[in-house]
Protein chains: 2
Amino acid sequence: MDSKYEGYSQLFKALSDPNRLMIVDMLSCGELCACVILERFRITQPTLSHHMKNLCGCGLVTARKEGKWMFYSLNEDTVNDLKMFLKAVTTMKEDCICYDMEYKGGCCK
Amino acid sequence: MDSKYEGYSQLFKALSDPNRLMIVDMLSCGELCACVILERFRITQPTLSHHMKNLCGCGLVTARKEGKWMFYSLNEDTVNDLKMFLKAVTTMKEDCICYDMEYKGGCCK
DNA sequence: ATCATAGATAGATGATTATCTATATGATGT
DNA sequence: ACATCATATAGATAATCATCTATCTATGAT
């Protein structure tokens, strides 16, 4: 298994929770304090903390501490990597993995 | 919770497994028979069937039966919807969800 | 120093999921 | 009709995950 699939699947997993997906949307215009994010959800503070740890852990979100507050923002580099990867794996391309498979057999040949 | 997050989170969940992600990549140049896909993985046939059911169920992949073979291909419409959604939730936009939150309070104000 | 507040961590729990083996279904060829 | 092959389904299991309550840490205010 190519490790790039392992890596990017982690990013998609981070986006596979509706709460985290909405958090990403909320961060798309700039950084927000954890307390502001929390107000918009029906989840407890530890659950939000868990989700933010997930989003930061995979690199999608960056955390900044200011006093007793935590401010979160999107990591544009990771976001762009993900967009390019999604485009790559869904678009015909010259170095496509499918070329390796031609004439490899398969029952339907 | 806006149901669009629920819906698209299902698509991201489908891509959150490295095997399924690689399957999508394999399908990016055109349709493939299940047997050809199976050869590239160290998983059993029922496990592949489970993954294909997942990919088809969320709309990312379309199945076509021909005799005793199943051919799978990417559903470009769903793929494009997903790309546009990912762009939308990670880009500053006029109707951003974050505007609803201004002056809504939060401990850090 | 003490207290209040914001957020993180620990630990438990129920739900979901990826995988397997065994079996069923459905199509093709003899 | 029967055997074979490709795929799907059923059921079991171990792992992962979202969530909660309880508690800890760190910061700022009195």
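No hydrogens, no waters, no symmetry mates; every other heavy atom, side chains included, goes into these values. What you see is a predicted model; the values in this text were computed from it and never measured.
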Report the nucleotide, chosen from [options], that has the shortest atom-to-atom distance to any side-chain atom of [X].
X	options	result
B:H50	C:dC20, D:dT19, C:dA18	C:dA18
B:N19	C:dT19, D:dT19, C:dC20	C:dT19
B:T47	D:dA6, C:dG7, C:dT19	C:dT19
B:K65	D:dA8, C:dA27, C:dG7	C:dA27
B:I43	C:dC20, D:dG28, D:dA18	C:dC20
B:P46	D:dC5, D:dA10, C:dT9	D:dA10
B:Q45	D:dT7, C:dT21, C:dG7	D:dT7
A:C35	D:dA26, D:dT9, C:dG7	C:dG7

Over all strands shown, is B:F71 touching base, sugar-phosphate only, or nothing at heavy-atom distances under 4.0 angstrom?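 Nothing, no nucleic acid heavy atom in range.
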Please work out if A:H51 contacts a base, only the sugar-phosphate, or nothing of the nucleic acid, heavy-atom cut-off 4.0 Å.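 Sugar-phosphate, backbone atoms only, no base.
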Kindly say if [X] contacts the phosphate of [N], meaning a side-chain N or O under 4.0 Å from OP1 or OP2.
X	N	result
A:K13	D:dC17	yes
B:S49	D:dT7	no
A:K53	C:dT9	yes
B:R42	C:dT19	no

[X] versus [Y], closest heavy-atom pair with distance:
X	Y	value
B:H51	B:I23	CB-CD1, 4.4 Å
B:Q10	B:C58	O-CB, 4.4 Å
A:R20	A:A14	NE-O, 2.7 Å
B:S28	A:T90	CB-C, 3.9 Å

Tell me, with the steps shown, if B:L32 and B:Y72 meet side chain to side chain contact (heavy atoms under 4.5 Å, CB included). CA-CA 5 Å; B:L32 287 176; B:Y72 295 100; 6.0 Å; no
